[in-house]
Amino acid sequence: ARGTPNIGAIDEFQRVNTRYTYLTDQRNDVEKAKGELQNIIGEITEEMAKIFAEQFKLLSESFQTTFQELFGGGTARLELEDEEDILGCGIEIKAQPPGKTLKTISLLSGGEKAFVAIALYFSILKVHPTPFCVMDEIEAALDDANVTRYARYMRTLAGRTQFIVITHRRGTMEEADVLYGVTMQESMKRKHKQILIIWVGLLAGLLIFRGGWMTYAGLLIFLLDLGLVWWLLRCPHCGKSVRELRPDKTCPYCGKKVE
């Protein structure tokens, strides 16, 4: 016996077949879109590698020239760790200051590292100049002779890039077109100390009125605040606590100037 015939099998087949066709089309669309994206990514990656290789060559040549101009000789170069994977590999900086052997940058002294980094930065600006550039004491580790070289070389690039330099070095300031001095008023230092004392006192008061163990913590902080009053506002010459200075910023007890 073949059993009871399934009268709804035809309708069930059509329903399942429709669902299968729909999902198959969706899968094919996804696979097609995936293939197109992979092709686009491949084209972009290939173009990126081409542009990077061209710019890296220009930068390497500029770095060699800039290094020799800043150091007064020597050689330097940029090397890719893996030329087959230029977008994923590291870059090695090798430098040979005049009178020394060729080394990686990690084996140079602190001042030499700073000067090599400055040479690399200037070489980038020569290849791709920017309208303005802010530098914050990048020459701090250099000696006076190299500071002068750095400042004079920066002057040669000032025609295409405006430099805003934060520095304490005399050689750099001598090459500047305009100097702006920024300092803090002496009275502001004392105001900051007084504000600190007030805040510590307020914290102590809040803890004392909370009760429990916080009262003991508040008393301890209050004693600390008394110590701060003496330590932060004391005269460094006579050792006495000075709440208010004279108009000429001198101690009312010993008459000496207090910052």
Side-chain angles (χ1 to χ4, degrees), residues 52 55-56 58-78 90-98 100 103-197 199 231-233 236 245 248-249 257-259:
F52 179 84
Q55 296 301 314
F56 183 80
L58 292 175
L59 179 59
S60 180
E61 294 173 353
S62 176
F63 177 57
Q64 293 180 37
T65 305
T66 306
F67 180 89
Q68 292 174 351
E69 292 172 348
L70 276 174
F71 278 83
T75 58
R77 62 175 182 266
L78 301 175
I91 298 175
E92 195 171 272
I93 303 174
K94 291 188 176 181
Q96 182 181 1
K100 296 187 178 182
K103 302 178 182 178
T104 58
I105 191 172
S106 60
L107 299 177
L108 299 176
S109 65
E112 289 173 335
K113 287 180 181 178
F115 213 24
V116 171
I118 290 172
L120 179 58
Y121 187 67
F122 282 161
S123 64
I124 295 174
L125 287 178
K126 288 169 67 176
V127 175
H128 295 288
T130 58
F132 72 94
C133 173
V134 180
M135 294 189 290
D136 186 2
E137 297 190 15
I138 65 172
E139 83 285 29
L142 304 182
D143 55 24
D144 293 338
N146 287 331
V147 167
T148 302
R149 288 182 179 179
Y150 148 79
R152 290 177 178 174
Y153 197 85
M154 182 170 54
R155 167 68 66 182
T156 64
L157 302 178
R160 295 184 296 175
T161 301
Q162 181 179 6
F163 291 95
I164 302 173
V165 183
I166 302 171
T167 183
H168 291 99
R169 303 302 296 270
R170 178 177 178 180
T172 305
M173 290 187 280
E174 288 176 347
E175 292 294 329
D177 293 324
V178 181
L179 284 176
Y180 294 95
V182 180
T183 184
M184 180 183 290
Q185 298 178 2
E186 293 182 0
S187 59
M188 290 300 294
K189 298 178 182 178
R190 289 187 61 82
K191 287 181 180 178
H192 291 166
K193 295 176 182 179
Q194 292 169 353
I195 291 171
L196 173 62
I197 292 171
W199 277 107
W231 177 256
L232 295 180
L233 300 182
L245 297 176
D248 58 352
K249 309 302 180 186
K257 192 172 183 179
V258 179
E259 293 185 0

Original post:
Within the distance-only criterion (no hydrogens, no angle test), does the side chain of Q68 pair as donor or acceptor with the backbone N or O of G74 below 3.5 angstrom?
Top reply: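 It does hold such a pair.
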**OP:** Mark yes or no for whether S62, through its side chain, and L58, through its backbone, hold a donor-acceptor pair below 3.5 Å.
**Re:**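 No; judged by distance alone, with no hydrogens or angles, the pair does not exist.
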Original post:
Taking it one step at a time, do L59 and S123 satisfy side-chain contact (heavy atoms from CB on, under 4.5 Å)?
Top reply: CA-CA 7 Å; L59 179 59; S123 64; 3.6 Å; yes
Would you give the length of the straight line joining atom [atom1] of [X] to atom [atom2] of [Y], rounded to the nearest 0.5 angstrom?
| X | Y | atom1 | atom2 | result |
| --- | --- | --- | --- | --- |
| F122 | T156 | CZ | OG1 | 7.5 Å |
| E139 | Y150 | CD | OH | 4.5 Å |
| M173 | L179 | CE | CG | 7.0 Å |
| I93 | L108 | CD1 | CG | 10.0 Å |
| Q96 | F67 | CD | CZ | 8.0 Å |
| F115 | L120 | CZ | CG | 13.5 Å |

Subject >> Qualifying residues under side-chain contact (heavy atoms from CB on, under 4.5 Å), relative to R155, sequence neighbours excluded >> reply: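 Scan of R155 (side-chain contact (heavy atoms from CB on, under 4.5 Å), adjacent residues dropped) gives E175, D177.
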Which heavy-atom pair separates [X] from [Y] by the least distance, and what is that distance?
| X | Y | value |
| --- | --- | --- |
| P97 | E112 | CG-OE2, 4.1 Å |
| R160 | L125 | NH2-O, 4.3 Å |
| G73 | P98 | C-CG, 3.7 Å |
| A119 | T66 | O-CG2, 3.5 Å |

N/O donor to acceptor pairs below 3.5 angstrom from side-chain atoms of residues 128-138, sequence neighbours left out:
| unit_1 | atom_1 | unit_2 | atom_2 | d |
| --- | --- | --- | --- | --- |
| H128 | NE2 | Q55 | OE1 | 2.7 |
| T130 | OG1 | F132 | O | 3.2 |
| E137 | OE2 | H168 | ND1 | 2.8 |

**OP:** List for me each residue that meets side-chain hydrogen bond (donor to acceptor under 3.5 Å, both in side chains) alongside R170, sequence neighbours excluded, and say none if there are none.
**Re:**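 By the side-chain hydrogen bond (donor to acceptor under 3.5 Å, both in side chains) rule, R170 matches E174.
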**OP:** Under the side-chain hydrogen bond (donor to acceptor under 3.5 Å, both in side chains) rule, collect the residues that match up with E69, sequence neighbours excluded.
**Re:**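 Here the qualifying residues are Y153.
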Subject >> Residues that Y121 engages under ring pair (Phe, Tyr, Trp, His ring centres under 6.0 Å), provided they are two or more places apart >> reply: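 So Y121 forms no ring pair (Phe, Tyr, Trp, His ring centres under 6.0 Å) with any residue.
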Under 3.5 Å donor-acceptor pairs involving side-chain atoms of residues 142-149, not counting sequence neighbours:
| unit_1 | atom_1 | unit_2 | atom_2 | d |
| --- | --- | --- | --- | --- |
| D143 | OD1 | N146 | N | 2.9 |
| D143 | OD1 | N146 | ND2 | 3.2 |
| D144 | OD1 | R169 | NH2 | 2.9 |
| T148 | OG1 | D144 | O | 3.1 |
| R149 | NH1 | L70 | O | 3.3 |
| R149 | NH1 | F71 | O | 3.2 |

